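Written out below as structure tokens is the structure these notes cover.
The chains referred to below are lettered A, B, ... by the order of the sequence lines, with proteins before strands, and numbering in each begins at 1. What you are looking at is a predicted structure, and each value in this text was computed from that prediction instead of being measured.
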Protein chains: 2
Amino acid sequence: MSPARARTSHDQIVAAGRELLEAGGLDAVSMLAVAERVGVRAPSLYKRFADRGALIAAIGAAALEDLGRRLLPLTQDPDPAAGLRGIAAAFRAFAHRNPHAYELLFMNLPPGSRPPAELNALASAPLLQVAQRLVGSERALEAARLVTAFAHGFVSMEITGAFRLGGDVDEAYRYGVDVLVDALTAARADRLPRTIEPNEAPPP
Amino acid sequence: MSPARARTSHDQIVAAGRELLEAGGLDAVSMLAVAERVGVRAPSLYKRFADRGALIAAIGAAALEDLGRRLLPLTQDPDPAAGLRGIAAAFRAFAHRNPHAYELLFMNLPPGSRPPAELNALASAPLLQVAQRLVGSERALEAARLVTAFAHGFVSMEITGAFRLGGDVDEAYRYGVDVLVDALTAARADRLPRTIEPNEAPPP
DNA sequence: ACCTGAACACCGTTCAAGT
DNA sequence: ACCTGAACACCGTTCAAGT
């Protein structure tokens, strides 16, 4: 007659998972630990998530949405080169702030527990938009992939401690972004031989 | 009086681990599965490896040495730009051939189970050498990090299926390598304003 | 409808006992 | 000196029984 009242929720479970993730890495996100943190027993979690993989996937999706929301406003800069620098900096800052969530975003997950394509598109859109303004529509996807690969590879190596030859890591990131911005700006210049000033006639 | 004869060896165990790794991912490298494959019982593995983490670390070290050995000969190309292209291609090919081992190489491991610094240096040396010939000693480390970050980020995203916006992924890699090679070649040109021909006097 | 205790499978790890 | 069976701890997961 009196069905048991819900003592937790999907969102509360995901939030607890994210906290455990940042505090102790993926191993710390056990069904026991999550359940304890939200005040139920482990078996109850299976009412809302098919298994641990589904819960981890939901945590990753939440983090991806978070990242996308942070990158979005940076496309507003009228200078696409400045926009690209801003996105590169914000991307790295996000990874530094949430290293374990970041790791999860780029983890090799079974196809079933990847974030929904729409979320993926939302997080990719800002860079794609800036890249298009920088190098034109034809090469926008390749340029965006170049920048994403560099930025992801760099912060991923940073987080896992793969830069072990000394040197200034901040400086190396700045150098990499500089080289990429210059190269992509030049790539546009190759196609549009010179800037068209307001009062100047367009080239033939 | 008759101590039990060794029925396996460190190297045999590592080899079995690598096979299981490529066949079924890291989860498939269980102490039970490895032991069965080499013909002993799981507890015997602890005679040679402190724990599963140490075994995984040894598997990673073996893969890293493998990678380093494949990159080394590519530094012989007299043209550093061609050398860089070769290294970029070989790096990607290695990742495609051994995706799970590759993943392991760039995994976030506890400091204790990272590969020894000498192995790391050995795998980094080829690119560092080519980068130095391309952009000069002063920026060699930054340039090598730029290329490594791009290549790692790219193949890592490839492996984990992160490129989900269509397009030609091979073409995107080629585009990225081209842009980097051109940019780094230009970077050298910036410092040495023009090439000195054999019969030409050096600039003042 | 959601929650729970009890139980099971699986895996890493330890250890006393074998040769 | 290395190998083994037995045992333990831990975790994901299932399920019948509660409200």
Show each protein N/O and nucleotides 15-18 of chain C N/O combination with a separation under 3.5 Å, one pair to a line.
none

Any side-chain to backbone donor/acceptor pair from A:Arg133 onto A:Pro78? Under 3.5 Å, distance only. yes

Give me each pair satisfying side chain to side chain donor-acceptor pair (under 3.5 Å) with a member in residues 18-38 of chain B, each pair once, sequence neighbours excluded. B:Arg18-B:Asp66, B:Glu19-B:Arg37

When all nucleic acid strands are considered with a 4.0 Å heavy-atom cut-off, which category describes B:Ser30: base, sugar-phosphate, or nothing? sugar-phosphate

Sequence neighbours left out, what passes salt bridge (Lys or Arg N to Asp or Glu O under 4.0 Å) with A:Arg69? Give chain and number order. A:Glu65

Partners meeting side chain to side chain donor-acceptor pair (under 3.5 Å) with B:Thr8 (sequence neighbours left out): B:Gln12

Taking C-beta and beyond as the side chain, do B:Leu146 and B:Leu184 meet within less than 4.5 Å on heavy atoms? yes

Student check: side-chain heavy atoms of B:Val177 and B:Val147 closer than 4.5 Å: no

Show every donor-acceptor pair shorter than 3.5 Å between a side-chain atom in residues 110-117 of chain A and any protein atom, with sequence neighbours excluded, or say none if there are none.
| from | atom 1 | to | atom 2 | distance (Å) |
| --- | --- | --- | --- | --- |
| A:Ser113 | OG | A:Pro110 | O | 3.3 |
| A:Arg114 | NE | A:Leu109 | O | 3.2 |
| A:Arg114 | NH2 | A:Leu109 | O | 3.4 |

Counterpart residues, side chain to side chain donor-acceptor pair (under 3.5 Å), relative to A:Asp51 (two or more places apart): none

Starting at CG of A:Leu26 and ending at P of D:dC11, how long is that distance when rounded to a whole Å? 14 Å

Listed in order of residue number, which residues of residues 45-58 of chain A have a non-hydrogen atom at under 4.0 Å from DNA chain D? A:Tyr46, A:Asp51, A:Arg52

How are the rings of A:Phe163 and A:Phe154 set relative to one another: parallel (under 30°), tilted (30 to 60°) or perpendicular (over 60°)? tilted

Establish, with yes or no, whether the OP1 or OP2 oxygen of D:dC2 is under 4.0 angstrom from a side-chain nitrogen or oxygen of B:Ser44. no

So the side chain to side chain donor-acceptor pair (under 3.5 Å) pairs with at least one residue in residues 90-102 of chain B (sequence neighbours excluded) are B:Arg92-B:Glu158, B:Arg92-B:Asp170, B:His96-B:Glu158, B:Tyr102-B:His152

Note: contacts of residues 32-40 of chain B with DNA chain C (heavy atom, under 4.0 Å) are B:Leu32

Heavy-atom nearest pair, B:Leu74 first then B:Ala90, reads CD1-CB, 3.5 Å

Within residues 6-25 of chain A, residues whose heavy atoms come under 4.0 Å of DNA chain D: none

Going by heavy atoms in the side chains, are B:Phe49 and B:His10 under 4.5 Å from each other? yes

Set of salt bridge (Lys or Arg N to Asp or Glu O under 4.0 Å) partners for A:Arg7, sequence neighbours left out: none

What pattern of brackets, bars and dots sums up DNA chain D from 5' to 3', given Watson-Crick or G-U wobble pairs under 3.5 Å, [ ] for crossing pairs and | for another strand? ||.|||||...|||||.||

Taking B:Arg145 first and then B:Glu142, would you say they form a salt bridge - that is, a charged N and a carboxylate O separated by under 4.0 Å? no

Could you tell me whether the side chain of B:Arg85 reaches within less than 4.5 Å of the side chain of B:Asp77, counting heavy atoms only? no

Any side-chain N or O of B:Arg41 less than 4.0 Å from the OP1 or OP2 oxygen of D:dG5? yes

